[in-house]
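Reading through the structure tokens given below for one structure.
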Amino acid sequence: EGRVIRRLVCLTERVEDLITEFDRRVMLGIDSDDDTSLNDSEDDRRYRSYKKLATWCPTVRKIVYSEVENRELSYIYSKLNKGADGARGDDTTRLKVVVASWLMQQTPHPTPIIHGQNKLGRGFNNDATGRLICPVDYDWNDPVVQQSIRDYHPDYRVTAHSWPSFLYKDETYDPLKPTDGLFKGQFLLKTFKYIFTSPTSAEMDEQEQLSPEVLSTQGRPKQRRTDGERRTRSNLRFALSSTGSWRIVDDEFNHQEFYDNIVDFLELAVTSDAAKEVEDLLLWWNRKVFGRKHVSTYQPQRVEQLSVARCSARH
């Protein structure tokens with residue numbers, strides 16, 4: 001059960017910390033996310049993660065509303081955290097190999113060769129991976145930029161304040177239209193399918209073959225798309241880097257900040273236009289992952305606005 005946490009709930013927090021935030025709100029009588037007078041942004045972020053935890057982990061829903069001894073609580077927390085970290089380890093290990101395979105299928109082949117079990121030739125040491133993780137605010141095609149990034153020049157820092165190129169469709173960014181193509185990168189979609197549907201589906205352009213019965217086993221398609229996409233981006237960024245083992249901060253790039261920026265983009269739209277943009281993005285993802293013909297599964301019709309309902313309202 002804990003394996004779902006790193007994939008759909010949060011990047012690094014421990015289960016007990018999320019539940020502690022829930023308990024704090026109960027003690028203070030804070031009933032909703034709208035009451036932010038006693039919270040900072042981290043409190044609110046942690047509470048949103050708690051709500052996802054309660055959604056995806058039935059054990060958590062049971063223990064927060066029952067009396068459980070501290071010793072038993074510690075055991076439950078340890079088990080859930082162990083499952084969470086184990087899933088992250090499995091995902092990063094598998095992606096290390098498969099991402100290398102995907103890159104080596106490109107023509108021409110990356111130089112130097114990218115090996116499945118060795119990450120030393122990745123990151124900014126390789127043109128193929130460097131191009132994908134290069135911040136969109138810099139032009140990787142410029143040799144001066146490449147060398148400046150490798151030399152850690154202060155004018156070309158690689159931080160979570162810039163989106164990596166792999167997030168964009170065709171790795172193309174327009175500063176005048178910064179959200180065009182965002183979160184529609186080819187490798188991003190393949191990575192999501194590989195983790196959340198099947199390795200075979202990652203090789204398909206669109207998953208038209210999924211049946212409604214298969215869809216029903218996925219559970220809450222729209223919510224899973226939202227939660228899983230965030231973790232997928234962090235997983236892929238790590239797989240493309242030259243870092244040998246998982247860490248929150250890779251040189252100057254902070255994966256937690258990267259993850260939080262994605263969460264804020266998807267969940268904290270500040271205008272109606274921004275919210276519509278996110279809805280359209282989620283629809284795009286659902287169509288790409290589940291196929292176009294299953295649209296009614298993840299975006300039901302608003303039947304109350306259609307002709308039959310309007311005619312019935314006359315009686």
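In what follows, every heavy atom counts, from backbone to side chain, and hydrogens, waters and symmetry copies are set aside. Remember, it's a predicted structure, so these values are computed and weren't measured experimentally.
Ring geometry for F238 versus H255: interplanar angle over 60°, hence perpendicular rather than tilted (30 to 60°).
Judged as a salt bridge (Lys or Arg N to Asp or Glu O under 4.0 Å), not a single pair has a partner in residues 72-83 (not counting sequence neighbours).
Figure legend: cation-pi geometry between R233 and F183, with NZ or CZ positioned under 6.0 Å from the six-membered ring centre and within 45° of its axis. Note that R237 lies in the cation-pi zone of F253, set by a 6.0 Å cut-off to the ring centre and a 45° limit from the axis.
Using a cutoff of 4.0 Å between basic side-chain nitrogens and carboxylate oxygens, D44 and R25 are scored as salt-bridged. Between D43 and R46 there is a salt bridge, since at least one side-chain N of the basic residue sits less than 4.0 Å from a carboxylate O of the acidic one. Of the charged side-chain nitrogens involved, none lies within less than 4.0 Å of a carboxylate oxygen, so that R88 and D91 do not count as a salt-bridged pair. Look at E21 and R24 and you find a salt bridge, because one of the NZ, NE, NH1 or NH2 atoms lies within 4.0 Å of a carboxylate O, short of that distance.
Taken from CG in D273 to NZ in K276, the straight-line distance is 9.5 Å, to the nearest 0.5 Å. Here the CD1-CG distance, from I63 to L80, works out to 7.0 Å after rounding to the nearest 0.5 Å. The structure places CD1 of I195 at 8.5 Å from CG of L236, a figure rounded to the nearest 0.5 Å. Atom CG of L167 sits about 10.5 Å away from atom CZ of F265, to the nearest 0.5 Å. Between the OG atom in S101 and the NZ atom in K96 there is a gap of 14.5 Å [rounded to 0.5 Å]. Rounded to the nearest 0.5 angstrom, T107 OG1 and M104 CE are separated by 10.0 Å.
Between the side chain of S312 and the main chain of V308, a donor-acceptor pair closer than 3.5 Å is present. Panel note: side chain R122, backbone I114; no donor-acceptor pair is recorded below 3.5 Å. At least one donor-acceptor pair under 3.5 Å links the side chain of T271 to the backbone N or O of A274. Under the 3.5 Å distance criterion, the side-chain polar atoms of T159 are left unmatched by any main-chain donor or acceptor of E252. A donor-acceptor pair under 3.5 Å is absent between the side-chain atoms of D151 and the main chain of H153, judged by distance alone. Y138 places a side-chain N or O within 3.5 Å of a backbone atom of R157 that can act as its donor or acceptor partner. Judged by distance alone, with hydrogens and angles left aside, the side-chain atoms of K119 form no donor-acceptor pair with the main-chain N or O of G244 at under 3.5 Å. Put simply, the side chain of N254 never gets that close to the backbone of A160: no donor and acceptor are under 3.5 Å apart. Between the side chain of R61 and the main chain of A54, a donor-acceptor pair closer than 3.5 Å is present.
Nearest heavy-atom pair across C10 and Y259 is CA-OH, 3.4 Å. A84 and I5 make their closest contact through CB-CB, 3.7 Å (heavy atoms, listed as atom of the first residue, atom of the second, distance). The nearest pair of heavy atoms linking D127 to Q146 is OD1-NE2, 4.0 Å. Of all heavy-atom pairs spanning G123 and I133, the tightest one is CA-CD1, 3.8 Å. The shortest heavy-atom contact between L188 and T232 is O-CG2, 3.7 Å. Across P135 and S162, no two heavy atoms sit closer than the pair CB-CB, 3.5 Å.
Environment of CD in E69: sparse, with no more than 12 heavy atoms of neighbouring residues, nucleotides or ligands closer than 6.0 Å. Counting non-hydrogen atoms of other residues, nucleotides and ligands closer than 6.0 Å to CG of D142 gives a total above 12.
There is no path of hydrophobic side-chain contacts, each under 4.5 Å, that joins L268 to F258. Both W284 and V278 are part of a single hydrophobic cluster, where members link through side-chain heavy atoms under 4.5 Å apart. There is a path of hydrophobic side-chain contacts, each under 4.5 Å, that joins Y65 to L73. Connection of Y152 to V249 is not established within any shared hydrophobic cluster, with ILVMFWY side chains joined at heavy-atom distances below 4.5 Å, either directly or through further cluster members. Cluster membership check: V26 shares its hydrophobic cluster with Y47, using side-chain heavy-atom separations under 4.5 Å among Ile, Leu, Val, Met, Phe, Trp and Tyr.
Side-chain atoms of E13 and S49 include no donor-acceptor pair closer than 3.5 Å. Donor-acceptor pairing under 3.5 Å is lacking for the side chains of E257 and N261. Using a 3.5 Å distance cut-off with no hydrogens or angles, the side chains of R131 and N126 do not pair a donor with an acceptor.
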Could you walk me through whether L189 and K184 pass the side chain to side chain contact (heavy atoms under 4.5 Å, CB included) test, one step at a time?
-> CA-CA 7 Å; L189 182 61; K184 293 183 178 181; over 6 Å; no

From CA spacing to verdict: side chain to side chain contact (heavy atoms under 4.5 Å, CB included), L281, L266 = CA-CA 9 Å; L281 176 64; L266 294 172; 4.0 Å; yes

Side chain to side chain contact (heavy atoms under 4.5 Å, CB included) assessment of L283 paired with E279 | CA-CA 6 Å; L283 176 61; E279 284 296 315; over 6 Å; no

Given T129 and V99, is the side chain to side chain contact (heavy atoms under 4.5 Å, CB included) satisfied, shown in steps?
-> CA-CA 10 Å; T129 52; V99 167; over 6 Å; no

Indicate every side-chain donor-acceptor pair of residues 168-177 with a distance under 3.5 Å to a residue at least two apart or in another chain.
residue: Y168; atom: OH; partner: P178; partner atom: O; Å: 2.6
residue: T172; atom: OG1; partner: D170; partner atom: O; Å: 3.0
residue: D174; atom: OD1; partner: L176; partner atom: N; Å: 2.9

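For the pair V60/L18, no side-chain contact is recorded, criterion being any heavy-atom separation below 4.5 Å from C-beta on. Residues Y50 and V64 are in side-chain contact: their nearest non-hydrogen atoms beyond the backbone lie under 4.5 Å apart. Side-chain contact between N125 and L120 is absent, with no heavy-atom pair separated by less than 4.5 Å. You'll find the side chain of Y194 reaches within 4.5 Å of the side chain of R94, heavy atoms only.
Among residues two or more places apart in sequence or in another chain, the salt bridge (Lys or Arg N to Asp or Glu O under 4.0 Å) test is passed with D90 by R3.
For F187 and F166, the ring centers sit 6.0 Å or farther from each other.
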